[in-house]
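The block underneath contains the structure these notes are about, expressed in structure tokens.
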Amino acid sequence: RSSESDASDQPPTKKLAGDVGVVVEHYNARPDVGVRQRLDSPIIGLKNFNNWVKSVLITRFAHPALVSSPSSKISGGDRKGRGALSSGKILDMGCGKGGDLSKWSKARIKEYMGVDIAAKSIDQARDRWRTMRGAHFDATFETLDCYTESLSSAFPPPKLAQPFDVVSMQFCMHYAFETVQKARIMLENVSRWLRPGGIFVGTIPNSDQLLERLDALPEDAEDLSFGNSVYRIRFDERENKPIFGHKYWFFLQDAVENVPEYIVRWQNFIEMAKEYGLQLKYKEEFHAVFEEHQEHPEFGPLMVRMKVVEQNGESSMNEDQWEAANIYIAFAFEKIA
Ligand code: SAM
């Protein structure tokens with residue numbers, strides 16, 4: 001028997017109050033549509049692009065030994081002299097329905113631990129892993145509010161005895177910035193069981209851009225929102241800009257239905273991360289990730305395989321999807337001993 005825990009072992013889902021309750025209900029309510037239905041999504045090009053960016057991030061930083069071209073300017077950083085990084089044990093915090101499982105499988109990991117606050121998503125992630133063809137890694141899935149509870153409350157001591165090589169937080173870290181306490185518990189969970197030299201990768205909205213666009217709205221605007229046919233971001237007020245708990249409402253077509261999210265002040269975040277031994281290695285907007293890697297011998301062809309571009313080189317995103325893609329930034333940190 002693998003180390004996976006049984007869904008029936010879990011306590012019944014609690015109804016959570018406040019914004020976090022809205023977030024959980026939203027993600028629990030979204031059905032895990034099959035591959036065929038996913039292909040019909042009106043924003044399939046954008047979804048494919050986001051998946052490609054995550055693949056680049058995982059391959060380049062979390063498993064640089066897999067980047068095949070020795071002649072490429074792109075490397076996983078300065079750790080060549082220390083030999084290839086072994087990405088044996090992965091923590092996927094806010095793993096959702098396990099959308100990154102196949103990326104980690106391709107990175108030939110040994111062990112995957114996925115946690116998320118949405119119990120139904122965790123069940124779907126576990127099912128996805130069980131039915132994955134060619135997944136030669138062990139996996140454990142647990143429901144956990146990673147921003148108020150310690151990882152050790154979901155995983156009893158032996159599970160955390162060996163530290164993680166990589167911690168990944170994809171499109172989910174910004175929910176922690178509701179309060180300073182939540183952001184600190186999140187960072188403690190990221191760092192405490194990450195080995196020295198281990199990597200923390202993630203994707204979050206680009207708050208600098210969001211705040212600039214809020215400031216650029218007409219002075220007399222009553223509706224403090226911006227966006228296009230694919231996404232919309234709406235702030236409740238213009239003047240009050242707290243460092244934590246600066247809320248906005250996010251809508252993304254066929255994905256996110258007006259869910260409360262929080263601004264992540266980048267400078268504040270990297271200074272806090274430093275306190276937890278995490279040193280910044282990489283930060284780019286998604287458009288820049290594209291420009292940097294589109295000609296790469298591995299990541300270029302991967303774009304065709306992942307249907308970000310068609311065989312004839314045409315983008316599978318329309319203009320609005322391409323603009324929506326650049327709301328996000330990708331980052332990588334290294335744990336310093
Ligand atoms: N990482 C996945 C991916 O890239 O496909 C899912 C991303 S989804 C946009 C955001 C996820 O963050 C949801 O699954 C949600 O339940 C999770 N999340 C939000 N708040 C959380 C918390 N406090 N603890 C754990 N997960 C949380």
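We count ligands from 1, going down the list as the structure has it; atoms in each ligand are counted the same way.
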Proximity to ligand 1 by part of Tyr175, non-hydrogen separation under 4.0 Å: side chain
Flag the pair Phe235 / His246 as yes when their ring centroid distance falls below 6.0 Å, and as no otherwise. yes
Could you check if a side-chain atom of Tyr175 sits within less than 4.5 angstrom of a side-chain atom of Val259, using non-hydrogen atoms only? yes
Can a donor-acceptor pair be found between the side chains of Thr148 and Lys182 at a distance below 3.5 Å? no
Is there a heavy atom of Cys95 sitting under 4.0 angstrom from any atom of ligand 1? yes
Distance-only donor-acceptor check, side chains Tyr112 and Asp92, under 3.5 Å: yes
Answer yes if the ring centres of Phe331 and Phe200 are under 6.0 angstrom apart, and no otherwise. yes
Ignoring angles and geometry beyond distance, decide whether Tyr27 reaches within less than 3.5 Å of ligand 1 through its nitrogen or oxygen atoms. no
Ring of Tyr262, cation from Lys247 - is the NZ or CZ under 6.0 Å from the centre and inside 45° of the axis? no
Distance-only N or O hit between ligand 1 and Asp92, under 3.5 Å: no
Distance filter under 4.0 Å to Cys172 heavy atoms, resulting ligand 1 atoms: 10 (C), 11 (C), 12 (O)
Out of Phe250, Tyr147, Phe171, indicate the one that has the non-hydrogen atom closest to atom 22 (C) of ligand 1. Tyr147
With only distance considered, is Lys54 within less than 3.5 Å of ligand 1 through an N or O on each side? yes
Cys146 N/O under 3.5 Å from ligand 1 N/O: yes
Does Leu144 come within less than 4.0 Å of ligand 1, judged by its heavy atoms? yes
